[in-house]
Amino acid sequence: MSGYSGSEPLGRTAALEGTTPSARSQAASASQSHRLRSGGLIDRQQPLQFSFDGKVMSGFAGDTLASALVANGVKLVARSFKYHRPRGIITAGSEEPSALVEMRSGARKEPNTRATTQELYDGLVAQSQNRWPSLRRDFMSINQLAAPIFVAGFYYKTFMWPAKFWEKVYEPLIRRAAGLGKSAELPDPDHYDKAWAHCDVLVIGGGAAGLAAALAAGRAGSRVILVEEDSRLGGRLLSDGGEIDGMHAEEWVRRTVDELASLANVRIMVRTALFGVYDGGVYAALERVNDHVPLPGPHQVRQRVWRIVAKRSVVTAGAIERPVVFPGNDRPGVMMASAVRTYVHRFAAMPGRKVALFTNNDDGWRTVEAVQQAGGDIAAVIDPRGKVPAEYQALAELSDLRVFSGGVSDVKGGVDGVRGVVVTDNNGRTQQIDADCLAVSGGWNPNVGLSCFHRGRPVWRDDIAAFVPGDSPKGMTTAGAANGEFSLGACLRDGHTAGAAAAAECGASGNAGEASEAGDEVYAISPLWQVKAKGKAFVDFQHDVTASDVTLAQREGFESVEHLKRYTTLGMATDQGKTSNITGLAIMAEATGRTIPQTGTTIYRPPYAPVAIGALAGHHRDENFHAWRLTPSHHWAAARGAVFVDTGLWKRAQWYPQPGEKDWIESVTREVLAVRNGVGFCDVSTLGKVDVRGADAGTFLDRVYINAFSSLAVGKARYGLMLREDGIVMDDGTTSRIAEDHYFLTTTTAKAGPVMAHLEFCRQVLWPELDVQLSSASDQWAQFSIAGPNTRKLLQELVDPSEDMSNEGFPFMGAREVKLRGGVTARLFRISFSGEIAFEISVPARYGGAMAQNLMIAGRDLGVTPYGTEALGVMRIEKGHVAGPELNGTTTADDLGLGKMMSKKKDFIGRVMAGREALTAPDRQVVVGIKPLDQKRRLRSGAHVVPKGAIPGPETDQGYVTSVCYSPMMEQWIGLGLVERGRERFGEIVRIHDPLRSEDYEAEICNPVFYDPEGARQRG
Amino acid sequence: MVDYLWNTQSPLQKALVPGRHGAAGAHVGVTLNEVRDIVLVQVMARRGKAADAAKAAKKLFGIEAPATPKAVTGKTATLIWSGPDQFTVIAPRTDEASQLAAMVQVFAGSASLSDQSDGRCLIRVSGPRGRDAIAKFSSLDLHDLAFPVGAAANTSVDHTAVNLWREANGADGHPVYNMLVFTSFADSLWHTVVDSSLEYGVEAASARAA
Amino acid sequence: MRIACPFCGERENGEFTYLGDASPKRPNFAVDSGESPEGVEDAFYDYVYLRDNVAGYMREYWYHGGGCRSWLIAERNTVTHEFRSVTAAPGVGAAKPVQAGE
């Protein structure tokens, strides 16, 4: 027989950081007053020290924080959410609504951790939450006195008026009072990742049914993944024992796990909680890889999110024991009966010395034997059914049990927990019983959540007074207790059958073997949801929702379960109402005179259990937030000190600061002037590049561009504009004809992907008869724009002397291959974005760095200057070239001043719709130049354009500024804008209104081509 | 007159640091190699000419071009399925110009070619934990039954297109996977691959294709 | 969600992008005279804008851009997300359709 072991010496005393030797010795002596002398799945050779609220205690490997606290006689572990009532540990599993603690400290601090799932490790530090200054003396427990006002709908009723109080007064007040723990305010130093796994059969839950299912499916030869949120397989077998195939249940678990581990086609994943079921057999699970150790090892992650793709799944997630609602049911020391058995049997920790049992079903009676075998006393059994179940009659007589026919109507006690239980029998007589623990069983709810994630509605079963899964997601079956099969024998058979069937459906043909055998114990229940008596009786422990809140909601008209949930916040806490939802709706059913199935359940949604955002992000945080793309000259530019800017996924050189330059404008101005007066170059490899090949390539391009390309001569380039089918501009770029059946198309940087998808759509869907092949050549080429009056001089240095680089030999819009000195062949395009003589030169990407270096060498005597995207932008604005801010998904070709390009001789994408009345209206906003009258004034993008003298507003608004820059050539800020009838208004003074920056000034509308409007320079 | 040098660069010139990384210990879990100096050509059959293109491939490489997601290795090249009626030819770079010219000639009229020798970077993942590392960034099922030697897939990693195929097991008996990634993404994806492998211990290197 | 590409097999939906209803056909519009054919504007208006809001199976365009770059036509139940079939668009690969424009 076991007994308490308060004086049992600890094997070792590991050091806790920051604790004094005296604290450690104190811990050793005070520790584990409620630990049984033997038994339990704990390793007594491995004592572990931990601290809770600064008090150092000890436990053993195999403990959870909750079981270690139980072993140390700790009952008070938390303060409740609303009323700050003292709370204890209610369950022994992941459904725990009450024992939430703040784990760890500093940057690793994590609030709302369930003590019942947190494995103990040496040096664990946990704090209670939601209390000040201490757990025992919590100032905010004064809220209990004000309880009448904290009823359901309190926020809605109280913080209504005056409206202006909301933002400044009410919200900060509520936010300060709300929430349980406090999260860390430093970046999370841990790493997380995500991984994929694939299988035929996914078994969710490793209890008796899950082990049977996994074994059947594994033996049959299918690929099996078995996930279990606990650190150990076995489920309730670890707590309730039993006999299977003639052996002790724990021995059966050991053998079964050994066999599963020996099968190459079975993968066992413990500490892995399934939290989501998604379409097409995709499941999500959270593996707590290193939450059971002080810190993850080097290069280890803390948690990992698994996305599991399974052809079939078998949910063997068991059932959750439900509380009964009665006054004082939240006192520390009131615990689920199954949890009492778990602490006693699995953890050898005694929740109380005198245990009272309140049960309405046969299963609860198991607790009597468990407590007695551990050496505890059963103070009384309270069973409203008025009769000892047949199976337990001998035991009741033998141990002279006090059995009451009735219910618990109050629980006496304080912060230290239960001191007595008040019983009101079925005749209305009241009696108080001494007890320091009350074990409660209101029956079992099959864990239907996962089977309902696709809006399946659970089905009510009267015989077990509980919901079982209804329409499960495709490919999913449920077995065992999760399916309402509560006897061990039935669990094993059901699991085996489901596992074998799932494997067979996946084509596995092996022998699944025979189901293991065990007894079919009786589960008789007579539903009891609530004992009506005076006092606070809790339904949702985590959100402090009482039975009277539920009935109040009903009286105020919130009868639907979805309204009940939102009005009272029942089931909306981190536990998602695992222990409270069904009870809450049962009370609502009674209040409305409907049945429970008529009342129905709320919609179940993932995640089943809380998941850290860090785990969902995995690798994708900080610099890895998204993938990045580097240009071929990236490292060359970085070595020259370039400042980079993220443009989409690309990192592009924005400018190249020189010593002594005081700001970016100075750097950019220098770069622009160097180009306009000499020569410069810029990496433009980010442009999308598409090889368009095939006999019908020209016809194809005629149909996707508004202008003609079949007529383009080989060796020539042409600017092209594409529309969407609705007539709005999609993209622009230069396309060259390399050969009769080969065009080289370029897109803007931003639209490279979408344009490629669009072209493939045209090729594969719209015009499958055309012989066209497309391939992305974006990354094949390092492409540089070389611009400025000295461009030709520079190129003459670089290209082979045999190449004719004269204006006649290489005219404007020419495109052809050239040999470079040193033996590399390049493609050269005479096109200009800057308005200067300019070429774009392409070499295979492997020469990207060498090309930049060689351009510097070739242009050394010309003062060649690398320039970045800012200078590129300045020069395009000076030339009135449109870019992203103008190609913004609202503009037509004519809006951009490119209407004349639209061919009238052919069909092309968007042609018909571009002719619609609204898209050709004379008062459309079109691209214009804008320059402030005050030449010192900085123009800003986004500022509104209204007529001079008009009051800014929706009625007077005529457009806005799209792109701005400081123009070194105009020596003032200039911009492009979209302005109503803009082209008719050159010279008009308008009002520029910028409420965002509180600016208001006048500007002149002008020709968007500020610089060299005749275009002489680029053709020279 | 200046001599212009045309040094070549790898997109992994900064990202790939040769040697051991991550978990220390006697065992290397994941071996990562950049395979340099390859010729890579995308072959896309012309409209209605898939059979002719396959014939041409047979003529030039002596092997059947893959018509389903597979990688087929011949004496001079590996042909990797890269979409319906198209495949990628990959070969060690010897005489690039004549390698390309031979292809242009044999596929004339039956397929369009797109030289992608600089458009992709080839990363090889092997070692006892290579598959576990890949499971962190690829949604493919790489189980032996689902993805045997010679299997190929066009897939996505970090929302970026990747061609992945499995070649014959390494000398250590463990699977060897090849990943063709876009050149501009190579630096980024290399980091993803390395980060996914660190916990197993990484050996990184680059080598010429052979 | 998983989508069974007819070429690549079943893949996760992140590899695909969605375009929408595959039923509307682009009006064929060959221009010789410079004049719009009769009714062409109405036909394009229908093609671009008019869609049925189907609760149940509908034919949709999906692009396997993160895979084999094929445009696919899928029959998907908009209520349950179940796919009944996924087939290739007429011009995928080098296929030569019998008739122009499907």
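Here the structure is a predicted model, which is why all the values come from computation and not from measurement.
- Atom CZ of A:Arg455 is separated from atom OG1 of C:Thr80 by 13.5 Å, given to the nearest 0.5 angstrom.
- Between A:Val765 and C:Ala89 the shortest heavy-atom distance is CG2-CB, 3.7 Å.
- The shortest side-chain heavy-atom distance between C:Arg69 and A:Met756 falls under the 4.5 Å cut-off.
- Distance check: A:Asp279 CG to C:Met1 CE gives 6.5 Å after rounding to the nearest 0.5 Å.
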Walk me through whether A:Tyr278 and C:Glu12 qualify under side-chain contact (heavy atoms from CB on, under 4.5 Å). CA-CA 11 Å; A:Tyr278 304 95; C:Glu12 67 112 3; over 6 Å; no
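- Within the 4.5 Å cutoff, the side chain of A:Arg911 has no heavy atoms near those of the C:Phe44 side chain.
- Between atom CD of residue A:Gln764 and atom OH of residue C:Tyr61 there is a gap of 11.0 Å, rounded to the nearest 0.5 Å.
- Counted within 6.0 Å of OH on C:Tyr45, heavy atoms from surrounding residues, nucleotides or ligands total 12 or fewer; the atom is thus considered open.
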Evaluate A:Val309 against C:Glu10 for side-chain contact (heavy atoms from CB on, under 4.5 Å), listing each step before the verdict. CA-CA 11 Å; A:Val309 183; C:Glu10 193 186 277; 4.1 Å; yes
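- Across all non-hydrogen atoms, the minimal contact from C:Gly91 to A:Pro768 is CA-CB, 3.4 Å.
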With side-chain contact (heavy atoms from CB on, under 4.5 Å) as the criterion, how do C:Tyr49 and A:Asp726 come out once you've worked through the C-alpha distance, each side chain's angles and the decisive distance to 0.1 Å? CA-CA 9 Å; C:Tyr49 291 112; A:Asp726 66 359; 3.7 Å; yes
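- Within the 3.5 Å criterion, the main-chain N or O of A:Arg763 finds no donor-acceptor partner in the side chain of C:Trp71.
- Salt-bridge formation is not detected for the pair C:Glu41/A:Arg916: no Lys NZ or Arg NE/NH1/NH2 atom is positioned less than 4.0 Å from an Asp or Glu carboxylate oxygen.
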